[in-house]
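Here is how names work: the chains are called A, B, and so on, in the same order as the sequence lines, proteins then strands, and each is numbered from 1.
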Amino acid sequence: MTLDTVEYASQSPDVEQPWAELGLKQDEYERIRTILGRRPTGAELAMYSVMWSEHCSYKSSKVHLKQFGEKAPASDAMLVGIGENAGVVDVGQGYAVTFKVESHNHPSYVEPYQGAATGIGGIVRDILAMGARPVAVMDPLRFGAADHPDTKRVLPGVVAGIGGYGNCLGLPNIGGEVVFDPCYQGNPLVNALCVGVMKHEDIHLAKASGAGNKVILYGARTGGDGIGGVSVLASETFDDSKPTKRPAVQVGDPFQEKLLIECTLEVFAEKLVVGIQDLGGAGLSCATSELASAGSGGMRVELDRVPLRDATLSPEEILMSESQERMCAIVEPGKVDRFLEICEKWDVIATVIGEVTDGERLEIFWHGEQVVDVPPRTVAHEGPTYQRPYARPDWQDELQADAPTADRLKRPAGGDELKATLLAVASHPNQADKSWVTSQYDRYVLGNTVLAQPEDAGMIRIDEETNLGVAVATDGNGRYAKLDPYTGAQLALAEAYRNVAATGAKPLAVTDCLNFGSPEDPAVMWQFAEACRGLADACQVLGTPVTGGNVSLYNQTGEVAIHPTPVVGVLGVIDDVTRRTPMAFREEGQLVYLLGD
Amino acid sequence: MTVRVGVVTFPGSLDDRDAQRAVRLAGAEPVALWHRDQDLHQVDAVILPGGFSYGDYLRCGAISRFSPVMETIIAQANEGMPVLGICNGFQVLCESHLLPGALTRNDSLHFGCRDQRLRIENAATAWTSDYAQGQEITVPLKNGEGRFVAAEHTLDALEAEGRVVARYLDVNPNGSYRDIAGITNAAGNVVGLMPHPEHAVEPLTGPGTEGLGFFTSILKKLVDA
Amino acid sequence: MPVARVVVDVMLKPEILDPQGQAVQRALPRLGFDGISDVRQGKRFELELDGPADEAALARIREAAETFLANTVIEDFTVRIEEEAK
Amino acid sequence: MPVARVVVDVMLKPEILDPQGQAVQRALPRLGFDGISDVRQGKRFELELDGPADEAALARIREAAETFLANTVIEDFTVRIEEEAK
Ligand SMILES: Nc1ncnc2c1ncn2[C@@H]1O[C@H](COP(=O)(O)OP(=O)(O)O)[C@@H](O)[C@H]1O
């Protein structure tokens with residue numbers, strides 16, 4: 001097969017291209033041709049298709065997410081806001097904390113262990129890429145009915161995967177959620193949150209600047225993992241009637257990631273890095289275009305230098321591969337040797353694959369021939385934006401009218417009814433003891449866990465001398481959100497906020513993972529719009545800005561969407577963790593007060 | 001005299017910082033040792049910490065056992081230097097044949113993290129002299145492959161020679177033969193322990209401080225020597 | 001009655017990353033074992049049957065392998081009768 | 001050049017309890033697979049050699065198995081050349 005070079009593409013405008021199979025719409029494909037003034041090469045098409053997928057471009061959600069910035073309450077604590085890998089918050093004493101929650105829902109249904117494991121791996125690299133040492137993880141989970149056979153397959157795999165990966169990284173798991181509801185049967189939610197700590201001066205951003213600086217790819221070799229996974233997994237849904245889709249699954253190597261963490265923190269400590277980006281969904285396509293787009297110049301990459309696990313991969317596949325445990329750093333030429341030395345110390349493979357140029361293009365070469373020549377912003381930051389139609393569903397009124405009221409759902413009368421009600425509530429899986437799950441997670445490692453299960457919020461000490469610490473809680477209730485997405489999102493925030501406040505910490509910032517159905521359904525889009533509006537309004541009132549998060553759409557089985565499920569994480573600071581308030585009664589004779597009404 | 005206790009970092013070690021903290025809280029000086037370095041930097045004792053060295057791929061501890069630092073540690077342990085292996089460190093000690101038996105997959109087939117009650121069965125080793133014989137303590141336990149197994153005659157010999165250092169109480173969390181949580185070599189200088197005493201050295205971050213004794217024992221032993 | 005033993009070998013598909021095999025491969029040269037260009041690690045199940053390992057039994061075991069012993073999303077398997085049943 | 005593949009099978013010694021094998025055995029009847037009286041689970045390593053699988057190479061691999069791939073305190077191993085080298 002001949003290589004589809006830029007030169008060849010200019011000469012062959014009529015070559016048929018598989019844009020539809022790659023998940024692009026006709027007008028999107030036309031737009032790529034307009035941007036480039038010719039048809040894209042195969043490699044360019046691969047990049048645009050993954051980067052313009054819903055998952056990477058947020059094309060349906062962007063217009064609503066804007067509110068989180070526009071309505072953000074003034075906050076002195078915010079050091080880095082939305083748009084970077086994760087937001088960064090000032091917690092005092094020169095420390096900054098970064099945290100973010102992300103979804104790995106679809107991969108976890110296909111292959112529960114690896115899907116959940118690589119979900120942890122991905123969010124940890126996001127946090128690492130900000131310059132922080134990851135210090136804790138949390139895992140808000142939603143499954144189908146507890147006694148459904150699919151739950152039996154998915155739940156143990158997900159929990160083992162989160163434990164297997166997180167435990168092996170040495171990150172304490174300080175909390176999460178396990179909620180069962182039939183609406184998640186064919187579409188469980190696996191959200192993962194990571195918290196990282198750094199000093200203010202260690203904050204790193206994903207940008208490539210300084211002509212002549214080197215682009216270094218380090219970490220695992222690149223294989224065929226999850227090729228096409230980004231567009232296929234994130235833009236399509238599972239259909240009960242067809243056999244399960246089995247795309248190439250990404251397999252995690254937590255040991256490699258642990259080395260990547262230590263190695264990266266060491267190169268940060270020696271100030272060897274100008275810019276850095278983790279490789280997640282969309283792999284090298286994402287890392288190179290985002291670094292170049294955010295930076296001041298262009299970038300030139302020799303793709304054939306990328307160390308491969310599978311020698312037969314084509315340039316398109318290398319650009320789209322979602323092999324895990326890789327990072328991309330921009331390093332001044334004089335510091336490259338030391339950078340490579342530190343990688344060698346940690347047995348991490350590192351390769352100079354290109355350099356920052358003073359041009360404005362992202363140029364990628366394959367054995368000397370040019371296969372990509374694009375303006376990086378058009379790939380990374382100027383993708384399509386949709387104003388999807390949305391409308392309050394006609395069943396909403398009926399659903400709300402069906403709510404329990406005094407005459408329709410009576411209070412239990414008498415001892416027997418009360419007993420029955422109590423038993424019904426107490427025996428529901430959502431009230432069950434979660435220790436089957438939590439005991440599979442290491443909550444002690446690093447020796448700084450002040451609160452973990454069964455507490456309402458997790459708490460981590462970040463300075464052993466001063467006892468400065470942070471508390472984090474995640475909450476979300478899909479049933480409330482379905483009844484009223486605006487208020488439901490606010491309730492999720494209020495609950496997480498309360499859980500943090502109850503420990504004695506002061507809530508500072510918010511992250512969210514918005515799990516919804518198909519944005520092509522106006523009813524779902526309405527739920528989404530309402531939830532965003534509700535969350536943004538509530539954040540404004542409470543004075544806690546959203547610093548980052550993640551949107552997961554197309555969570556549905558066939559035509560049926562999950563309950564709209566905004567999961568909200570709140571981070572708070574406590575200046576002395578020895579003053580934390582655990583939830584248990586401490587000693588006999590203490591008084592119990594009920595606050596609120 | 002400051003007592004210097006080395007803590008080895010293998011690729012994939014996780015509780016190395018925690019072990020160093022415990023050494024410091026006990027009043028000794030922690031010294032970081034690197035797996036590629038044969039030099040033990042004049043330490044008086046060594047701790048092999050918990051974690052997943054080399055990802056615990058192949059078998060836990062199987063790859064670390066062949067690291068340069070282990071060559072020196074094995075030689076010095078055979079000459080009496082105190083060595084404590086915690087969790088993954090215990091696995092390394094068994095793979096190195098400094099201790100008998102092996103640690104295998106938990107019988108539950110799950111990783112388990114819990115606060116575990118133990119009985120100190122031998123308070124005469126280098127690492128347990130600060131405990132009373134038969135003392136009961138609670139420390140965290142967290143492992144996926146912590147089930148101690150050995151041939152019947154090896155188990156009998158361990159019992160007969162008083163080389164069982166600690167035993168699980170209340171529940172046997174991983175199916176260890178004869179509830180064994182930790183053992184020692186014949187000389188009493190090398191101890192392997194599945195639970196994590198380094199996570200029970202501060203009331204704030206652990207179930208109590210009953211793990212500290214392992215670290216103060218070694219301090220006392222070395223200062224007295 | 002001679003006991004029939006059937007072996008099911010389960011290996012990760014060739015295109016799937018095998019961190020365990022890689023760790024072994026990297027360690028071998030350090031231990032002085034050269035000349036091994038690739039290592040893959042998988043699982044081996046030894047099943048003892050009550051009855052003979054006839055076609056019907058093998059078909060059942062193949063089904064068990066397909067649905068249970070192997071995760072065919074990422075793994076391949078083979079089923080065979082162990083020749084030297086001890 | 002045909003690549004030589006050597007397989008090393010590692011199984012827990014019969015006297016060591018094998019909880020993984022037992023879990024499989026207990027699950028099989030529940031899934032409708034009867035007639036299996038014992039299951040043991042072990043590891044299978046596939047090694048690709050640079051050169052031929054001659055006696056010298058096999059001897060080296062046996063040594064690697066003895067000292068490294070298997071823990072002979074609890075495990076037994078066998079080494080053999082894979083017949084159908086693809
Ligand atoms: N998936 C999970 N991962 C980690 N911790 C969890 C998970 N699910 C629940 N937990 C923890 O278990 C404890 C009890 O959870 P839960 O029963 O949901 O409490 P509550 O109803 O008070 O929120 C909490 O500390 C919670 O953080």
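Across Cys113(B) and Asp442(A), no two heavy atoms sit closer than the pair SG-CA, 4.1 Å. Closest of all the heavy-atom pairs between Tyr444(A) and Asp18(B) is O-OD2, 4.1 Å. Considering every non-hydrogen atom in both Lys345(A) and Arg36(B), the closest pair reads O-NH2, 3.3 Å. The two residues Leu14(B) and Lys258(A) come nearest to each other via the heavy atoms CD2-CE, 3.6 Å. Leu446(A) and Arg21(B) make their closest contact through O-NH2, 3.1 Å (heavy atoms, listed as atom of the first residue, atom of the second, distance). A pairwise comparison of heavy atoms in Lys142(B) and Val445(A) identifies NZ-CB, 3.5 Å as the closest pair.
Using a 4.5 Å cut-off between heavy atoms, Glu198(B) makes no contact with chain A at all. Only the side chain of Arg461(A) comes within contact range of chain B, with at least one heavy atom under 4.5 Å from a heavy atom of that chain. If you measure heavy-atom distances from Val577(A) to chain B, the contacts under 4.5 Å come from both the backbone and the side chain. At a 4.5 Å heavy-atom cutoff, the contact between Leu169(A) and chain B is made by backbone atoms alone. Looking at Ser439(A), both its backbone and its side chain come within 4.5 Å of chain B, counting heavy atoms on both sides. Only the backbone of Ser13(B) comes within contact range of chain A, with heavy atoms under 4.5 Å apart.
When each of Asp56(B), Asp115(B), Asp16(B) is checked for heavy-atom pairs under 4.5 Å with chain A, Asp115(B) comes out on top. Counting heavy-atom pairs closer than 4.5 Å to chain B, the top residue among Val159(A), Asn167(A), Leu259(A) is Asn167(A). Among the candidates Met459(A), Glu344(A), Gln256(A), the residue making the largest number of heavy-atom pairs closer than 4.5 Å to chain B is Glu344(A). Most heavy-atom pairs under 4.5 Å with chain A: of the set Gly144(B), Ala22(B), Gly55(B), Ser108(B), this distinction falls to Gly55(B). Chain B forms the most heavy-atom pairs under 4.5 Å with one residue out of Asp253(A), Ile261(A), Asn467(A), and that residue is Asp253(A).
Applying the salt bridge (charged side-chain N to carboxylate O under 4.0 Å, His left out) test to pairs two or more places apart or on separate chains, none has a residue in residues 161-173 of chain A. Residue pairs meeting the ring pair (Phe, Tyr, Trp, His ring centres under 6.0 Å) criterion with at least one member in residues 47-70 of chain B, sequence neighbours excluded, are Phe255(A)-Tyr54(B), Phe66(B)-Phe68(D).
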For this session: For Thr205(B) and Thr449(A), run side-chain contact (heavy atoms from CB on, under 4.5 Å): C-alpha distance rounded to whole Å, both residues' side-chain angles, the deciding distance at 0.1 Å, then the answer.
Result: CA-CA 5 Å; Thr205(B) 55; Thr449(A) 306; 5.7 Å; no
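Counting non-hydrogen atoms of other residues, nucleotides and ligands closer than 6.0 Å to CD of Gln42(B) gives a total of 12 or fewer. Under a cut-off of 6.0 angstrom, the local environment of NZ in Lys199(A) is crowded, with over 12 non-hydrogen atoms contributed by other residues, nucleotides or ligands.
In this structure, Arg17(B) does not pair ionically with Glu464(A), as no charged nitrogen and carboxylate oxygen lie closer than 4.0 Å.
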